Peer 1: 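What follows is a structure written as structure tokens; I'll ask about it next.
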Amino acid sequence: MKSGRLDGVNLQKEIVSKDTYEKKLAKYQLKLLSMQHLLLEHNLGVIFVFEGWDAAGKGGAIKRAVANLDPRGVRVWPIAAPAPHEKRYHYMQRFWRKIPQYGQIAIFDRSWYGRVLVERVEQLAEPKEWKRAFQEINEFEKELTNDRYMIDKFWLHIDKAEQYKRFKKRESDPLKKWKITDEDWRNREKWEHYVTAAEEMFDKTDTAAAHWHIIPANSKWYARIAILKQMTRSIENHLKANGFDLSELPDVSKIIKDQTK
């Protein structure tokens, strides 16, 4: 298999100091909160998509991202297999219903990309269906970003050894055992098939309207900060593109410094 984007990811990146991690976490959480109110004020919608390997840390990253946001303005959508009644419609129908209102943030824990990932690899969609989906997805995202929305997409990347370690840890923890299933182990056996699907997904759906960000996630602390940092950067760009003066944003570093005196 030819080298792709995932091969170029430096999985050695990490944050080793808990103090450094907590300071950066507080900084970007506060920054995200300050911009959330501006999104509401200016009627701008934001959509974040999370994909990646099982046990890569999607849930933990999302939990930190929304921890201090106004819950009235953010929705987290965990996406599983479609329900029987949802199969009566075009596969995108159930996602259209979850698009946030103007001024809100929506976070998708897995997404419409299931059509070109798990449905492709597990042969739950015909080849003609998942091949057609690349264009359908690009048109869907472009339709939204042509309006008052921005879309950012994250792939949390870990290596196979790290995934195995996390799987075994979940199995031995009574509070997390529910997170690991036989299906997770079966998916692991098809690792290379998922790599092939992910690489084609990046190539065909990384667009100017909706970028993919591949996040090194062997270090959970590093991944969480990298994601929060990109979230705030993307929202800043969204606000700026819609005429907002970023100089009006509060000085987050000063606020945190004053709080720690």
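Heavy atoms only: backbone and side chains are in, while hydrogens, waters and symmetry mates are out. Because the structure is predicted, anything quoted here is derived from the model rather than measured.
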Peer 1: Please work out which of the three classes, parallel, tilted or perpendicular, describes the rings of W53 and W191, given edges at 30° and 60°.
Peer 2: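 Parallel.
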Peer 1: Once salt bridge (Lys or Arg N to Asp or Glu O under 4.0 Å) is applied, do any residues pair with E136, and if so which ones, sequence neighbours excluded?
Peer 2: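 For E136, the residues satisfying salt bridge (Lys or Arg N to Asp or Glu O under 4.0 Å) (neighbours in sequence not counted) are R132.
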Peer 1: Are I99 and Y102 connected, step by step, through hydrophobic side chains (Ile, Leu, Val, Met, Phe, Trp, Tyr) whose heavy atoms are closer than 4.5 Å?
Peer 2: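 Yes, because I99 and Y102 connect within a single hydrophobic cluster, where side-chain heavy atoms sit under 4.5 Å apart.
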Peer 1: Do E141 and T145 have side-chain N/O donor and acceptor atoms under 3.5 Å apart?
Peer 2: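 Their side chains do not contain a donor-acceptor pair, so the 3.5 Å distance test is not met.
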Peer 1: Using a 4.5 Å cut-off on heavy atoms from C-beta on, say whether the side chain of R233 contacts that of K229.
Peer 2: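 SC-SC contact between K229 and R233 confirmed.
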Peer 1: For the pair D152 and S234, evaluate side-chain hydrogen bond (donor to acceptor under 3.5 Å, both in side chains) and give the outcome as yes or no after the intermediate values.
Peer 2: CA-CA 8 Å; D152 243 7; S234 296; 2.3 Å; yes
Peer 1: Return yes if some donor-acceptor pair links the side-chain N/O of K176 with the main-chain N/O of K169 below 3.5 Å, else return no.
Peer 2: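 No, because the side chain of K176 does not come within donor-acceptor range (under 3.5 Å) of the backbone of K169.
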Peer 1: Please check if the side chain of Q163 supplies one atom and the backbone of D54 the other of a donor-acceptor pair under 3.5 Å.
Peer 2: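 Yes, Q163 side chain to D54 backbone: donor-acceptor pair under 3.5 Å.
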Peer 1: Got a sec: does the CD of E22 have more than 12 other heavy atoms crowding it under 6.0 Å?
Peer 2: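 Yes, because the 6.0 Å sphere around CD of E22 holds more than 12 heavy atoms from other groups.
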Peer 1: Kindly determine whether W212 and Y113 satisfy side chain to side chain contact (heavy atoms under 4.5 Å, CB included), including the steps that lead there.
Peer 2: CA-CA 12 Å; W212 277 105; Y113 283 96; 3.7 Å; yes
Peer 1: May I ask you to say whether K31 pairs ionically with E236, meaning some side-chain N is under 4.0 Å from a carboxylate O?
Peer 2: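 Result for this pair is yes, salt bridge flagged.
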Peer 1: Mark yes or no for whether E14, through its side chain, and N218, through its backbone, hold a donor-acceptor pair below 3.5 Å.
Peer 2: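 No: the side chain of E14 does not pair with the backbone of N218.
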Peer 1: Could K177 and E171 be called an ion pair, given the rule that one side-chain N must be under 4.0 Å from one carboxylate O?
Peer 2: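 No.
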Peer 1: Do L144 and L40 sit in the same hydrophobic cluster, where Ile, Leu, Val, Met, Phe, Trp and Tyr count as joined when their side-chain heavy atoms come under 4.5 Å apart?
Peer 2: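 Unlinked, L144 and L40 end up in two clusters.
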Peer 1: Should Q230 and I215 count as side-chain neighbours, where that means a heavy-atom distance under 4.5 Å?
Peer 2: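 Answer no - side chains too far apart.
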Peer 1: For R64, which residues count as a salt bridge (Lys or Arg N to Asp or Glu O under 4.0 Å) partner, sequence neighbours excluded?
Peer 2: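 With neighbours one apart ignored, the set is empty.
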Peer 1: Keeping K153 on the side-chain end and T205 on the backbone end, is there a donor-acceptor pair under 3.5 Å?
Peer 2: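 Yes, the answer is positive, given that a donor and an acceptor are paired below the 3.5 Å cut-off.
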Peer 1: So I214 and F202, side chain to side chain contact (heavy atoms under 4.5 Å, CB included) or not? Walk me through it.
Peer 2: CA-CA 9 Å; I214 303 176; F202 300 142; 3.8 Å; yes
Peer 1: Is the CD atom of E183 crowded by more than 12 outside heavy atoms at less than 6.0 Å?
Peer 2: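 Not buried by this count: 12 neighbours or fewer within 6.0 Å.
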Peer 1: So do the side chains of F50 and I79 get within less than 4.5 Å of each other, counting heavy atoms only?
Peer 2: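 No; the side chains remain at least 4.5 Å from each other.
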Peer 1: On a heavy-atom basis, which atom in P216 and which in N10 lie closest, and how many Å separate them?
Peer 2: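 Nearest pair, atom of P216 first, then N10: CB-O, 3.4 Å.
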Peer 1: Is the W185 ring parallel, tilted or perpendicular to the F167 ring (thresholds 30°, 60°)?
Peer 2: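 Aromatic pair W185/F167 classed perpendicular.
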Peer 1: Specify the closest pair of heavy atoms between W221 and S17, including all atoms of both residues, with the distance to one decimal.
Peer 2: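 In terms of heavy atoms, the two residues are closest at CZ3-C, 3.8 Å.
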Peer 1: If you draw a 6.0 Å radius around NZ in K240, do more than 12 non-hydrogen atoms from other residues or ligands fall strictly inside?
Peer 2: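 Open: at most 12 neighbouring heavy atoms sit under 6.0 Å from NZ of K240.
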Peer 1: Please test E122 against R186 for salt bridge (charged side-chain N to carboxylate O under 4.0 Å, His left out), starting from the C-alpha separation and ending with a verdict.
Peer 2: CA-CA 10 Å; E122 303 298 332; R186 286 196 298 270; over 6 Å; no
Peer 1: Using modelled atom types only, decide if a donor and an acceptor are shared between the side chain of R115 and the backbone of A125 within a distance under 3.5 Å.
Peer 2: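 Checked: no pair found.
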Peer 1: Would I180 end up clustered with I158 when hydrophobic side chains under 4.5 Å apart are linked, directly or stepwise?
Peer 2: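 Different clusters.
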Peer 1: Any chance NZ of K63 has more than 12 other-residue heavy atoms, nucleotides or ligands included, within less than 6.0 Å?
Peer 2: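 Incorrect, the count does not exceed 12.
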Peer 1: Would you say the side-chain atoms of W77 pair up with the backbone N or O of K98, donor to acceptor, closer than 3.5 Å?
Peer 2: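 Yes; at least one donor-acceptor contact below 3.5 Å.
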Peer 1: Would you say R110's side chain and G52's backbone share a donor-acceptor pair under 3.5 angstrom?
Peer 2: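 Flag set: sc R110 to bb G52 pair under 3.5 Å.
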Peer 1: Quick one: are R166 and E162 in side-chain contact, heavy atoms under 4.5 Å?
Peer 2: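 Sidechains of E162 and R166: in contact.
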Peer 1: Would you check, one step at a time, whether the test side-chain hydrogen bond (donor to acceptor under 3.5 Å, both in side chains) holds for D70 with H37?
Peer 2: CA-CA 9 Å; D70 182 343; H37 295 304; 4.9 Å; no
Peer 1: W130 versus L117: any side-chain heavy-atom pair under 4.5 Å?
Peer 2: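 The answer is no; the side chains never approach within 4.5 Å.
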Peer 1: Among the clusters formed by ILVMFWY side chains lying less than 4.5 Å apart, do V116 and W96 turn up in the same one?
Peer 2: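 Yes, V116 and W96 fall within the same hydrophobic cluster.
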Peer 1: Show the numbers, then the answer: is there a side chain to side chain contact (heavy atoms under 4.5 Å, CB included) between V195 and D7?
Peer 2: CA-CA 10 Å; V195 168; D7 287 334; over 6 Å; no
Peer 1: Minimum heavy-atom separation for Q29 to A67, with atom names?
Peer 2: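 Closest pair (atom of Q29, atom of A67, distance): NE2-CB, 3.8 Å.
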Peer 1: Are any of the side-chain heavy atoms of V46 and P100 separated by less than 4.5 Å?
Peer 2: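 SC-SC contact between V46 and P100 ruled out.
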Peer 1: Please test R97 against Y89 for side chain to side chain contact (heavy atoms under 4.5 Å, CB included), starting from the C-alpha separation and ending with a verdict.
Peer 2: CA-CA 12 Å; R97 298 177 61 194; Y89 301 92; over 6 Å; no
Peer 1: If Ile, Leu, Val, Met, Phe, Trp and Tyr residues are connected whenever their side-chain heavy atoms lie under 4.5 Å apart, and connections chain through other members, are L11 and Y164 in the same group?
Peer 2: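 L11 and Y164: separate clusters.
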Peer 1: Salt-bridged, D184 to R188, with N to O below 4.0 Å?
Peer 2: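 No, no charged N to carboxylate O under 4.0 Å.
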Peer 1: Can you name the closest pair of heavy atoms from A209 and K142 and give their distance?
Peer 2: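 What the structure gives for the nearest pair is CB-CD, 4.0 Å.
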Peer 1: Does any non-hydrogen side-chain atom of T196 lie less than 4.5 Å from one of R120?
Peer 2: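 R120 vs T196: side chains touch.
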Peer 1: Can you check whether L39 reaches L239 side chain to side chain, under 4.5 Å on heavy atoms?
Peer 2: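 Yes, at least one pair of side-chain atoms sits under 4.5 Å.
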Peer 1: Report, as yes or no, whether the 6.0 Å neighbourhood of atom CD on Q101 holds more than 12 heavy atoms from other residues, nucleotides or ligands.
Peer 2: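 Open: at most 12 neighbouring heavy atoms sit under 6.0 Å from CD of Q101.
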